[in-house]
Amino acid sequence: FRAPVALLALALTWILPPPKAGTGRRFDWLGAGLLAFWMSALLLALALLQMPGIGVWLPVALGFAGLVALVVFILHQTRFDEPILRPALFRDIDFTLLNLMSLAVNFVTFAVLLLVPYHLAQVVRLSAALGGVVLAISSIGAILGSALAGRLAGQVGQRPVALAGVVLVIAGTAVTGVSADPAAMG
């Protein structure tokens with residue numbers, strides 16, 4: 001589903017108008033390639049580690065190649081005039097902490113969306129339709145929570161709202177983990 005959409009978007013980038021003359025901006029093809037490679041290599045290494053019969057050397061080699069490409073990507077980004085990601089931004093502790101919190105929240109969200117459907121279907125024995133309804137409820141909660149967070153951020157500031165959001169994700173995940181039936185985990 002995503003691959004054809006991504007390929008179509010990539011194909012359509014050629015019809016975009018060029019940047020205005022004199023801006024000096026150019027696309028970082030090497031940076032984009034390194035970014036795609038290190039992320040893909042690390043994700044594939046993690047996926048292969050879970051597959052029986054693959055062995056350990058291929059995932060370790062991919063992981064190592066991904067880490068080397070990450071280092072080269074960071075070094076390249078520090079030297080490119082229009083980088084994809086400015087490493088200097090991470091010197092700002094607020095920026096770094098916000099992104100680390102966002103990363104943690106997204107890991108939790110991804111894990112829930114990846115694992116909960118299996119749990120609902122195989123352990124709870126819900127039909128696919130009812131399992132979809134259960135997952136949709138979490139999306140509705142996220143939409144309502146985002147609207148509330150936007151209003152609160154305007155009143156009390158972004159930091160307390162972001163921190164409260166992370167605390168709620170941690171609390172919700174902890175409650176979910178503690179309330180799981182150990183017998184069902186098998």
Side-chain angles (χ1 to χ4, degrees), residues 1-118 138-139 142 145-146 149-150 153 157-159 161-170 173:
F1 165 72
R2 292 182 187 135
V5 173
L7 290 173
L8 177 64
L10 182 62
L12 293 176
T13 59
W14 300 109
I15 64 170
L16 292 173
K20 294 179 184 176
T23 61
R25 293 183 179 197
R26 55 192 175 99
F27 186 74
D28 183 8
W29 288 103
L30 178 60
L34 286 167
L35 176 67
F37 178 78
W38 74 257
M39 291 179 82
S40 299
L42 291 177
L43 288 172
L44 183 58
L46 289 173
L48 289 176
L49 277 173
Q50 300 174 16
M51 296 179 73
I54 293 293
V56 73
W57 291 111
L58 180 59
V60 167
L62 276 170
F64 182 74
L67 291 174
V68 169
L70 171 61
V71 170
V72 173
F73 171 76
I74 292 169
L75 292 173
H76 172 70
Q77 293 300 284
T78 60
R79 293 175 177 85
F80 196 75
D81 56 342
E82 287 291 331
I84 296 169
L85 176 68
R86 296 181 194 280
L89 290 173
F90 289 94
R91 290 188 199 123
D92 179 4
I93 191 70
D94 291 335
F95 178 84
T96 303
L97 287 176
L98 176 68
N99 279 284
L100 288 174
M101 288 190 303
S102 176
L103 182 68
V105 168
N106 283 307
F107 271 141
V108 169
T109 303
F110 177 74
V112 167
L113 292 175
L114 179 68
L115 301 174
V116 168
Y118 294 110
S138 68
S139 297
S146 295
Q158 297 170 352
R159 282 184 187 207
V161 174
L163 182 60
V166 170
V167 168
L168 286 172
V169 167
I170 292 169
T173 305

Pairwise distance [atom1]([X]) to [atom2]([Y]) - rounded to 0.5 angstrom:
{"X": "Leu30", "Y": "Arg79", "atom1": "CG", "atom2": "CZ", "answer": "12.0 Å"}
{"X": "Phe27", "Y": "Phe80", "atom1": "CZ", "atom2": "CZ", "answer": "8.5 Å"}
{"X": "Phe90", "Y": "Leu100", "atom1": "CZ", "atom2": "CG", "answer": "8.0 Å"}
{"X": "Leu97", "Y": "Leu163", "atom1": "CG", "atom2": "CG", "answer": "10.5 Å"}

field: Contacts of type side-chain hydrogen bond (donor to acceptor under 3.5 Å, both in side chains), residue Ser102, not counting sequence neighbours
entry: Asn106

task: Kindly write out the residues that satisfy side-chain hydrogen bond (donor to acceptor under 3.5 Å, both in side chains) with Asp94, not counting sequence neighbours, or none if the list is empty.
output: Arg159

message: Just to verify, which of Leu46, Leu42, Ile54 counts as forming a side chain to side chain contact (heavy atoms under 4.5 Å, CB included) with Pro59?
response: Ile54

Show me the side-chain donor-acceptor pairs of residues 66-77 shorter than 3.5 Å, one per line, residues at least two apart or across chains.
{"residue": "His76", "atom": "NE2", "partner": "Asp28", "partner atom": "OD1", "Å": "2.7"}
{"residue": "His76", "atom": "NE2", "partner": "Asp28", "partner atom": "OD2", "Å": "3.3"}
{"residue": "Gln77", "atom": "OE1", "partner": "Ile84", "partner atom": "N", "Å": "2.6"}
{"residue": "Gln77", "atom": "OE1", "partner": "Leu85", "partner atom": "N", "Å": "3.0"}
{"residue": "Gln77", "atom": "NE2", "partner": "Asp28", "partner atom": "OD2", "Å": "2.7"}

side-chain contact (heavy atoms from CB on, under 4.5 Å) involving Ile170 - partner list, sequence neighbours excluded: Val166

message: Checking Ala153 now: which residues fulfil side-chain contact (heavy atoms from CB on, under 4.5 Å) with it, not counting sequence neighbours?
response: Gln158, Val161

- prompt: So, for Ala65 and Phe37, which heavy atoms are closest and what is the spacing to 0.1 Å?
  reply: O-CE2, 3.7 Å

query: Phe64: what forms a ring-ring contact (aromatic ring centres under 6.0 Å, His included) with it, not counting sequence neighbours?
result: none

